[in-house]
Each structure stands twice: as C-alpha cells, then as structure tokens.
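By convention in this document, chain letters (A, B, ...) are assigned in the order of the sequence lines, proteins followed by strands, and residues within each chain are numbered from 1.
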Amino acid sequence: MADIGLYALRLGLLVCFVGIAAGLYAGLQERPEWTRVAERSLLLVFAATSVAMAALFWALATNDFSLTYVAAHSARTMPLHYRLGALWGGQAGSLLLWGWMLTAYGTVAVLGNRHQNRKLMPWVCVAMLVNIGFFLLLTNFESVPFERMPHDQRLSDGNGLNPLLQHPVMLIHPVMLYTGFTGFALPFSFAFAALVTGELGTTWFRTTRRWTLFAWSVLSVGIMLGGRWAYEVLGWGGYWAWDPVENASLMPWIAGTAYIHSVMIQEKRDMLRTWNIVLIGLTYGLCLFGTFLTRSGIVQSVHAFANSDSFGRIFASYVILVLAAYTVALLWRLPKLRSPNKLESVLSREASFIINNWIFMAILFVVFVGTLFPVFTEALSGARRILGPPYFNTFAGLLALLLLVLTGVGPLIAWRKASLTSLRRQFTIPAIVGSLVALVVIALFGFSPGYWAIACWGLAGFVLTTIAQEYTQAVRSRMRRLGESVGTALLTLLSRNQRRYGGYIVHAGFVILMLGISGAAFNEEKIINIRPGDFASIRDFRLEYLTANAIPAQHYGGARARVALFKNDQPLAVMTPEKRMYWLEQQPSSIPSIYSSWREDLYVILTALEPDGSATLKIYHNPLVNFGWAGGTIFVIGCLIVLWPHPEKLLAQTAPAAPRTGEAGA
Amino acid sequence: MTKGVQIAIGAAAIALLLGWYGMGQLNEGISFQYFQNLDEFSSSAPEMVGRTARVHGYVAAESIERDLEGRQVRFSVQNDPPHARGPVGETLTVVYGSLETPDLFKDGAEVVVEGQLVMAGGHPVFEATNVMAKCPSKFKAKAGLMAESGVEL
C-alpha cells in the first residue's frame, strides 16, 4: 500500500507539471481547449493525492512500522483514532494533508466554473497547481511520508504520538487550521487570475465569496479549538499565551477578517479595488509565512519544531516566489485598478469599514512585531530580546476595544453619508445601554477590574443593543406589513437576508467571546502544599485534599488526586487532577481537572505528590471562561447561517443571465 | 483635503495616542534579553545583575532540591547536557520561588529560566520567576513542552 502512495505522489507531481504547462498555454495563447486539460490535470492530481492520503491512513491503521513516518509518530498501543490522527502529527504527513486540501479546493473551483469565468480558469489552475506542486515536491523529495526505514533499523513498535496531542480536540484542530489556510488559496488564485487577465471587476471575489467565508469560519473555529485544547491539556490555566505558534495562526485570520469586510465595500460601492487585491495576497502570504515561521526555527518558540535548515530555506524561497509573482502582476495592473468611486464622508459605512481595516492592520502589525521581535533585535543589536504577553495584551487589547466600537457602528451607519438625525435615531438607545452597563460594572466592582474590562462590558452592551435593535425593527416591520408571526418573521429574515442577519449573529458571538476574555481581569491563582484531610480556599470555594491513587495502568500510568470541592460549604464535586506518565514516550503530563459553570471555572492541577505524603496543587479561579466558549459557539452558528445554501440564490447562480437582486449585506 | 486624508490624519492621531498610552502601561520587565546558553549569560553576568533575562541551559545532575517549607525549588543549571562529554563547566544556581515545576522538569532536562540575577552573600544566584522545560527528546520532531505549548502547524 505504501508504495502505491509513493507512486501516486510521483504521478501527482508529474500531472501537476502537465497542468501548469497546459494552463499557461491556454492562458497565453487563448486556447480554451487547453484550459480543459489544465482543469482535468487538477482533478487528476486530486485523485492521486487522495490515493496517497488513503495509503498513509492505511499504513497508520495497520501499524506499518517499516515506514519512518509511522514509526516516528504512531504506536501499537495507541487507539485507532489517534493512530489515524498521527497523519497530521508530524511534518511529512501534515505537508501531504496540506497539499491534498489544496487539490480539494482546486477541484471545487474546477467543478463550480465549468460554464463560467472561462477566461479566468486557466490562470486559476496555474496558480493552484503551482501551490500544489510545491507541496508535492516537498512530499516527494524533502519530507517524504512514505520513506522506508533501513532494514536493519526496523522497529516492531513505533515511537508514539506526543501524549499532549492525544486529545480529541487535537484530532480536528490542526485539520481545521489547514482547511482555513489552504482555503485562502482559492480567492488568492482568482485574484491572481484577475490580475493577469485584467478582469478586475467583482467577479473574482464574488465567485469565491462562499468558499472564502467557509475557510475563514473554519480557521476561526480552529483557532478557538486550539485555545480549548491548551486550556484542557497544557495545564497552565489559560487558553492563549501569544506564543509564536498561536500568533502564526492568528495573523492570517486577522488579515482574512479585514478582507471579508473590505470586499463588501468593493461589492457595493466599487471602491478599494487595489486594497482588496493586496489584502487577499497578504492573507494567503501570512498563511504560508506562519507555516514557515513555525517550521524554520527562526523564532525561538517554546516549541522545538521539526526543523531543518534546508526545509526553512526551501519554504522561504517558495513564499518569496509566490508573493513576488503576485506583486509583479499587481504592479503591472495598478493603473487599471483605480476605483471610480471616492469616499464621500467620514460618517459613512465606507469610512467605518476602512477604519475597521486599519485597525485590523494595526493589530496585525502589533502581533507581527511582537512575534518577530527576537529576530529584529538580534539583527540590529546582536542580542535576542523577547516581548512578553503584557505587550500583546496592552496593544492588541486597546485596538480590540476600538474594533468593538466599530462592530456596533459599522453595520448600521448609512452608505455614502450619514445624517445626524439617522445617527441619533440608531445610536441613542445603544449608547445609553452601553453607558449603563459600564456604570453597573463600576457600581458592583469599583475600578478593580481595570479600564479594559469595564470598557469591554460597556461596549458589549452597546453592540448587543444595536444588534437587538436591528432584529426588533426588522421583525416588527414584517409583522406590521405582512401580518407575520414573530417566528415566521425571524425565520424569513434569516433566510432571505442571511448575510446581514447571520453576520449580526457572528458579531454577537465575537462580543460575547470578548466578554469571556474580559473575565481574565478577575483571575486568581494559588499554589498550595496540602496534606490529606486539610483544606485550602480560593474566593468562595473550599477544597479538601482527600487522597491520591494510582491510575489503572494503560499506555500511561501515574497518580490521580481526589480533591473535594465546596462552594459556600455546599459540596459541589470531587475533582481529579492527574499526573500521568506515558511509558512509551517517557513523557510526563499533568491533566487538570476543571469544574465549570456559566459564571466561573475552578481549575486544579496536581503539580507534585511530595515524598512526605502531601500534594502540591495549583488552583486557578477563572471567571467567565464559559462566555468565551459560548461566544465561540454563537459565532459558529452565525457563520453557518451566512453560509447556508439558499435555494433561490443557487438557482440564480446556475442561470447567470438572471439579474442580481441587491443584497443589503452588512 | 480629501476625505481619505482626513481619516488618515485622524487615524494617525489615534495611533499616536494609543502608542503613547500603551508605552506608559509597559514596565521594565516587558522586554527582556534571551540567552541561547549559559556561557553567553555568564560572560555578561556583571551587567545583568538586577535585569530580567531568559537563559537556556540544562539542569545539573542531582541538583534539584524541593523546599516544601520555604515553598521554593533550588537547582543548578549548566551549559551542556549532563550526558555530554567533557568538563561540566560553570554552573549557575537558580532559586525558583514556587513549587510549581513543569512536568518535564528533572535532572538533565533542557530548561529556560526567566528571572533576575542577584548577588546573595557574594555569590550570583538567579532568582527565577518562571521555569520552562523541554523534552529531553528521544524524538527529533516533537513539540516543545513548555508551559505554553502548542502543536506543529
């Protein structure tokens, strides 16, 4: 089977070259019949890489330890789902996955554009195939998933997957990040095709709108799941640490979020043509750069990545090549990219979206500088300096507050030029509610939460009120005009104008997520050394250390402490933090025990069982964490509403002659 | 003056204000030096007294003492892994003011200590506020295992 995978990769690479040549010929010579060749090549590469994926899954499932990759990342004792998950537990496998996903998106593009965008398609194929080709080169020659162990070194069992990755979330988190990253290749390729062909209207991003939103949504969820995993597995009491790896996934998300907002301005008002082209290039560039960053070892992350110098160099060359080609095409078309429309007023939706973009760029700048600070300082002064989380929290936090303001203002303010009366009508109630919320927070807690948390709550009140106001107004008007019931009116709104009203839900999710983050202002932590039968307390919780037992032996062993949890002397739960030892990997791991309610989390880690029979426990009291996860869930629901296929619009798409109905998208 | 320029000026003013405010929020310890190894740190030790730094090294064999009463952990850090050949070289005494050591913290572990160098009774002692440990890995390709670990992207 493994050999089939290897040959499939070889074949895929070959077909990839054929496809690139065919696409170039079709594009340059305007030979549409060769476009079909390029497209079919793309489909064939998809088939070939699918076979390779299946072969690697098979090798992992059947414990084929003659393969270096399987031996290094899997083991017999691991349950099947983690053995399969090892496909993205290491470098070679994750590169294969990345390449395969690109081919999947390419296939989507080919199948969706059999009868439209015929002029763009050869260049879309070329751009996709060049990206795919790079990953096929890597998996064929540099980081080969089907490489065999030398005969004399074959093992009867593998090394096993890093125990920290043996967690349900880790089965999907990397996949979601890759789905997001690779998804941006699609609008990137269409933008490139638009530049080359000079078809610079709205087609390139309209065609890819749905898939871009899909990629963006999945990336968002992937990032949030990463936080969830860190919280449940890493045992340091938090979900986000501004580590370079986290930042590497956040940066493309920031650029991508700016992009999905600013294309709306081009869609409605035909402004920002150049900027959108730049932005999607930046987004995809950051997807690649993030991968380069975490793999090349240029930033001393806390992670020791599988890095080799040659890999870093190859990858850097590729990123530079892709971005250079894109930039050249962009500069060449610059004269044609002038937008006919100008900004008319600072008080307009256009302006608020432009400011939104600048804030996103500012956050991106903050994260970028902070992540690469050691590299910059070493180049300038020879000494590596590090910027800690307070830097990120301060600057990104401030900018995020501004973003919150715009979350409330942007979707409501009028196009072109807003009148003062309309502003007053739309924002008086939300502004009052927001101020009241801030005052209530101050009345309850004083200024102890800090300016950030207070402002965050006030702004959240403001934004959520604007959203509620939009919904009530629209529902009321439908009820009055059409005599619909509340439920029907709401459902029709969501299905007729899913982009706008789904978008509001995404915004609401984001706001609630920010509230969850603001809970960190109240976090408290404690480290205690405690004997069986003794008590410790944190806020209004009390913990009694009962005992510690051995964990029944499996592929890991260790100890489980039993700690009784009381709140105001009411027994709540028995918490069982564990200290595990993964035998095969010779790696210890502390698994926290979390008691979670909507208000707060109590998080206990067994740091050590001391020789004198006492236990050292680390306790965290983290308020509002569940707001974060709840906000994330609402966010996802909003994304689903926006993305949900709409029967009438699908019909309109298949009949391109039908005139487009103007959507009042937010 | 076009609207674009107006917005640009407004944005620049806000950016300056934010930057100024943010810089005020950041204290001394926000940015600190990172030393790839102990030798490097030792050679610049005199001037490092009282300044925050991160130093990379290895826990010297049998040097870990957990002081439950004093709620601290003492250990020594050396430049090379303990199993490496040759002389051990200089070691640095580290006092970590917490019992909360990372999972992978043990003899010979690769660690990064964060804190300040102080002179205690004429001897330099590194007072750590944070100790992070890496896997003494038998695999070449593994995620590092520090407090804020993640996964290969």
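- Neither the backbone nor the side chain of K342(A) comes within contact range of chain B, judged by heavy atoms closer than 4.5 Å.
- Of the atoms belonging to L617(A), not a single heavy atom falls under 4.5 Å from chain B.
- For the pair K579(A) and D103(B), the salt-bridge criterion is met [side-chain N within less than 4.0 Å of a carboxylate O].
- Contact of L402(A) with chain B is made through the side chain alone, with heavy-atom distances under 4.5 Å.
- Only the side chain of L68(B) has a heavy atom closer than 4.5 Å to any heavy atom of chain A.
- In this structure, the side chain of Y96(B) does not engage the main chain of F75(B) through any donor-acceptor pair within 3.5 Å.
- Of the atoms belonging to S614(A), it is side-chain heavy atoms, and not backbone ones, that fall under 4.5 Å from chain B.
- By the 4.0 Å N-to-carboxylate-O rule, K417(A) lies too far from E344(A) to be salt-bridged with it.
- For Y178(A) and W88(A), the distance between ring centers is not under 6.0 angstrom.
- Only the side chain of T616(A) comes within contact range of chain B, with heavy atoms under 4.5 Å apart.
- Under the side chain to side chain donor-acceptor pair (under 3.5 Å) criterion, N247(A) pairs with T371(A), not counting sequence neighbours.
- Taking A362(A), S590(A), A608(A) one by one and counting their heavy-atom pairs under 4.5 Å with chain B, the maximum is reached by S590(A).
- For L399(A), the part sitting under 4.5 Å from any heavy atom of chain B is the side chain, from C-beta outward, and nothing else.
- Residues that satisfy the salt bridge (Lys or Arg N to Asp or Glu O under 4.0 Å) test with K618(A), not counting sequence neighbours, are E525(A), E100(B).
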